[in-house]
Amino acid sequence: MSVTHQDMLQDLEPAPLWKRLGWFDWLWAAAVAAGAAWAWRLYGGLMDDYEVAILAASSAGLITLGVLWKPMRAFTLVVAGLSLFAISRYGDAGQAAADSDFFLRFLLSSQSAIMWMSALYVMATVAYFGALFSGSAFTGKVASALTWSAAAMGLSGLMVRWYESYLIGADVGHIPVSNLYEVFILFCLLTSLIYLYYEGRYRTRALGGFVLLVVSAAVGFLLWYSFGRGAHEIQPLVPALQSYWMKIHVPANFIGYGAFALAAMVGCAWLLKARAERRNPGGLLARRLPALELLDDVMYKAIALGFAFFTVATILGALWAAEAWGGYWSWDPKETWALIVWLNYAAWLHMRLTKGLRGAPLAWWAVVGLFVTLFAFLGVNMFLSGLHSYGEL
Amino acid sequence: MTDTPGTRPAPVSRGRILLEFLGSMNLAITLLVAVAVASVIGTVLQQNQPYQDYLIKFGPFWFEVFGKLGLYDVYSTAWFLFILGFLVVSTSVCIYRNVPTMLHDMRSYRLGVQRKSLQAFHLKREWISEREPQALEEWLARLLKSAGYRFRSRRDDDHRVLAARRGAWSRLGYLFTHAAIVIICIGALFDGNIPLKLRVASGDLKVETRDIPASEVPAVSRLPVDNPSFRGSVRIAEGSSANVVFLQLGEGYLVQPLPFRIEVKDFRIEHYATGQPRSFESDIVIHDPQRDQPLEATISVNHPLVYRGYAIYQASFSDGGTGLTLDAWLLRGTSTEPMRIQGRVFESVEVQTPDGPMTLEFTDFRLFNINPVKGPDGRVEQKNFGPNFTFKLRDATGQAREYQNYMLPVEFDGRPYFLSGVRESPAEPFRYLHIPLTADGDIRRFQRFNALLWDDRRVEAVARRTTAAAFAGREGQAAVGEEVVQSMMRLVGHFRSDGFDGIAEQVRLTVPEDKQAEVITAYMKVLQAILGELYLHVLEDEGISPDKGLDEAEERFFDDAVNAISALKAYGSPFYLQLKDYDFVQATGLQIARAPGKNVVYLGFGLLIAGVFLMFYVPYRRLWIWIDRDGGRTRLLMAGSGSRHQQDFETEFDRLAERIEAQIGPRA
């Protein structure tokens, strides 16, 4: 034995954090910090203490996210680049530039970027299924690239839309999470990003088609809503929505919705795989879809993620309600449906964690859960009236 | 539990069985689903609406049935609260049964584990090494530490054990989440209206259903001023004040006095350039005997004022008794001048009409009426239709119709009209009467035309002149001419009070069926002729000479006026009320709440979030390494378990095993 006892022990010391970070991590952290400092220099005068704290905390959060999930770094930098470029093209011309400037008109005005996002998501869906059925690794990579590009265009579109809302009028400007059109973009974005995280973590692209199917359906709705109803017009905020809570309540909710949608589609994949294994063990689906245990694990992880964020979102909603409506809980239809969704997944988690149930019942339940979630998200706004219909004060 | 046949089961106490049942997972899941399903009802059926609305919607039978089931206020019915209470009890029992074990588990490293039980683990590896146990143990301890585990070790004569664990905090996640549910429900119980419901049920309190001033509400419907928890609302007009709020309960309300008085100085609505409302704000002043100076504050949506634990919210707005100056244009008579009426919203005025004495009850006034309108280019635009007011017209028998009149003329195809909506009940939409106006927005031409129809003398004169002109040169037909005059008079009489429909009805009753169509055509011809002549007289009175023929606007006006008069029967009111001027007074709707349970609930929220993240994102893992001697060599057994993230734990276990192998060689 040539190693000394001391060598043996040294090998076990965990490397300190700064040694585990690469040069890109440092560059990333520096870029985010510089961006935050720049924002503070430009707008610090208009911000109160809360907002300065929020800026600092969200920069730290973004750096951490990038360090923990590496692709986030390049993604964020690309989105920041595209958004800043678009904003620079608006220049002094204001709103009119959206039609006159080449880059804005065909690429980066929020409307164009969102159209690109829509097209790219649909292409990615096709590519993922192509990769699943052909078994081509290259097609799979193309599909991933398309999804990343779609998400980048979508997020840039939202960023630019945010800026555009201020071009309409200083009092009109607001974060683009205030109506159904905007949150549908957010839904597409978050669902696909959560998916991309699991794709990287589990090193499988076989689930992409399933998940992007939901995203494509949302894109279909978005296009109809935009062309059929003119929903893409930026509208000023009704008084009830003029609150800081909106900025965190809505995105937290959509992490939940996105994760639940993903879990449901993984549930579908589970059911297909299980069926294929019974009927035709040598068939394409049985061979190409990931192992049932892996699907089960992704499904659980997604529901746990969704449940955690949905809990946060619902509580944020209650805190906001206490401030806006005079009570943290009013049994308003939207609130009640949020509770129903929460109870549904709470029951699911109890089934799995405490009763140790696995397999088909949970997969079916996750799929049914999507419909419950969908009703809470869309159905309530369409069919039921209550405080969340912002028609009046 | 398994029962072995033949042996008598140990006697189990009834309490134990009950505890077993209440703490069972099946019950918990059933209750979660039951609460979810029951909650759906209240979202499908709008809650806490006026009982009258439910009665209209469901009819008397189902109204009664649904009422008995409490479906109009599901979330405070006994059966819903029972399910919720059951869930709380079941959760509490789970906590009671599991938490002591878990807390013990958190602290213990389970050093007393047996080799045999480790061998039964799903995840385990064994190795044989030439190295000394002491050196190995030291190295393994470092390994576990570097992997983030805390551990204890124990040495016995023939073996050593390293017991390690990670993420013990995740066990607290269970306690936090479940305790949070109980805490939130208890806190919410403080703030809910269940105590009130119980007091109402016991007869201690009685809801007031009459629409009377707060000062006249009897003591049995009033709550003490020190009531710790309530949520009510009050409407205060600009310039006035209130020191009570009203708590809606069932089909009535209760009065909650406040220890201070709230005065409303001003209520404002600000608008965006596009016309949509941007903010609703009230300037309020709090007059509190405990203060030397009144407290002034401005509240708006999302920005309440919290004063002495009372939170005051901007909740709604309405009219606060706007003064109305009106011109009543008689629709059934010869008068061409209006009658001036002064009124105020929420007040009523007695008026004498051709239909007998009636009461005008003014119910609302709105300064802005912004509605989407499709522009000429097909784009939907927000357009302000200007002020309108709403009133009920009640006759001597108590029957009422509701009207809504706009102050400003509304243009259709470039021609101005006064719009007046009418409906029999609040469930119906308004049907609008369009009164044509001259280009300068004046109603007088219409009024003169309509009044002329009621002037029998002038109608007769015009009829005679027209007939005479038509029959001129035809000898011996005087009798026929007279008949035409009479029928003109009769038709105008029917038309002015019953419209075209009235004439058609008359024909249906008096003429054989096969002749009806022919007769109606003839009548319409005669009617049009006389109405046209009368209209020309109106124009002549205005100084417009009919000799040059009528221009298009004047022709259209005639058609519109005839249509409007024909619709007057359905319109019902004997006059049209034109809004001439108003003195705008608004009222703000405040919601005032005291919620002492709020802090308890927020504590529950904090615990819930902490618990959920602990449970899902702090993986709880245990590892044991058993070291003993086997024929001069060292034998290692590693086994472990990871709850919740089994897949991840397997990966981690494999990685640890690889590192051990790299040190001591391949496994046994």
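Keep in mind that the numbers below use all heavy atoms, side chains included, and drop hydrogens, waters and symmetry copies. All values reported here derive from a predicted model rather than from experimental measurement. Here is how names work: the chains are called A, B, and so on, in the same order as the sequence lines, proteins then strands, and each is numbered from 1.
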Look at B:Arg278, B:Gln591, B:Glu270 and state which one has the largest set of heavy-atom pairs under 4.5 Å with chain A.
-> B:Arg278
With no hydrogens and no angle check, do the side chains of B:Asn302 and A:Tyr244 hold a donor and an acceptor under 3.5 Å apart?
-> no
Output the distance between atom CZ (A:Phe307) and atom CE (B:Met615), rounded to the nearest 0.5 Å.
-> 7.5 Å
Toward chain A, the part of B:Leu144 with a non-hydrogen atom under 4.5 Å = neither
Can any side-chain N or O of B:Tyr313 pair as donor or acceptor with the backbone N or O of A:Gly327 at less than 3.5 Å?
-> no
Closest heavy-atom pair, B:Gly187 versus A:Tyr328, reported as atoms and distance to 0.1 Å, is O-OH, 3.9 Å
Would you mind reporting whether B:Asn26 and A:His350 have side-chain heavy atoms less than 4.5 Å apart?
-> no
Run through A:Leu305, A:Leu353, A:Ile303 and flag the one making a side-chain contact (heavy atoms from CB on, under 4.5 Å) with B:Phe616.
-> A:Leu353
For residues 338-349 of chain A, dump all side-chain donor-acceptor pairs below 3.5 Å to protein atoms at least two apart in sequence or in another chain.
| unit_1 | atom_1 | unit_2 | atom_2 | d |
| --- | --- | --- | --- | --- |
| A:Trp342 | NE1 | A:Thr311 | OG1 | 2.9 |
| A:Asn344 | OD1 | A:Trp365 | NE1 | 2.7 |
| A:Tyr345 | OH | A:Gly369 | O | 3.3 |
| A:Tyr345 | OH | A:Thr373 | OG1 | 3.4 |
| A:Trp348 | NE1 | A:Leu362 | O | 3.0 |

Residue pair B:Tyr272 / A:Gln242: nearest heavy atoms and the distance that separates them = OH-NE2, 3.1 Å
Euclidean distance, B:Ser39 OG relative to A:Glu335 CD, rounded to 0.5 Å | 11.5 Å
Can you name the side-chain hydrogen bond (donor to acceptor under 3.5 Å, both in side chains) partners of B:Thr30, sequence neighbours left out?
-> none
Test B:Thr43 against A:Trp331 for side chain to side chain contact (heavy atoms under 4.5 Å, CB included), laying out the working first.
-> CA-CA 8 Å; B:Thr43 67; A:Trp331 293 103; over 6 Å; no
Side chain, backbone, both or neither: which part of A:Glu293 has a non-hydrogen atom closer than 4.5 Å to chain B?
-> both
Which atom pair, heavy atoms only, marks the closest approach of A:Pro239 to B:Pro277?
-> CD-O, 3.7 Å
Separation between CG (A:Asp171) and OG (B:Ser279), nearest 0.5 Å, reads 10.0 Å
Top contributor to chain B interface from A:Leu294, A:Leu237, A:Val312, A:Asp296 [non-hydrogen pairs under 4.5 Å] | A:Leu237
Region of B:Ala311 that comes under 4.5 Å of a non-hydrogen atom in chain A = neither
So CD of A:Glu323 and NE2 of B:His303: to nearest 0.5 Å the spacing works out to 6.5 Å
Step through it carefully: locate the ring centre of A:Trp329, locate the ring centre of B:Tyr75, and say whether they are under 6.0 Å apart.
-> no
For A:Ser330 and B:Arg231, work out which heavy atoms get closest and say how close.
-> OG-NH2, 3.4 Å
Please look at B:Ala28 and chain A and tell me whether the side chain, the backbone, both or neither of the residue comes under 4.5 angstrom of a heavy atom of that chain.
-> neither
Which atoms of B:Phe605 come close to chain A, meaning under 4.5 Å heavy atom to heavy atom: side chain ones, backbone ones, both, or neither?
-> both
Pick from A:Ala318, A:Pro236, A:Ala322, A:Ala308: which one has the most heavy-atom pairs with chain B under 4.5 Å?
-> A:Pro236
Residues, nucleotides or ligands: over 12 heavy atoms within 6.0 Å of A:Tyr197 OH = no
Okay, B:Val40 and chain A: the region with an atom under 4.5 Å from a heavy atom over there is both
Roughly how far, to the nearest 0.5 Å, is the OG1 atom of A:Thr336 from the CD atom of B:Gln47?
-> 8.5 Å
In terms of heavy-atom pairs under 4.5 Å with chain A, the winner among B:Val612, B:Leu608, B:Ile29 is B:Ile29
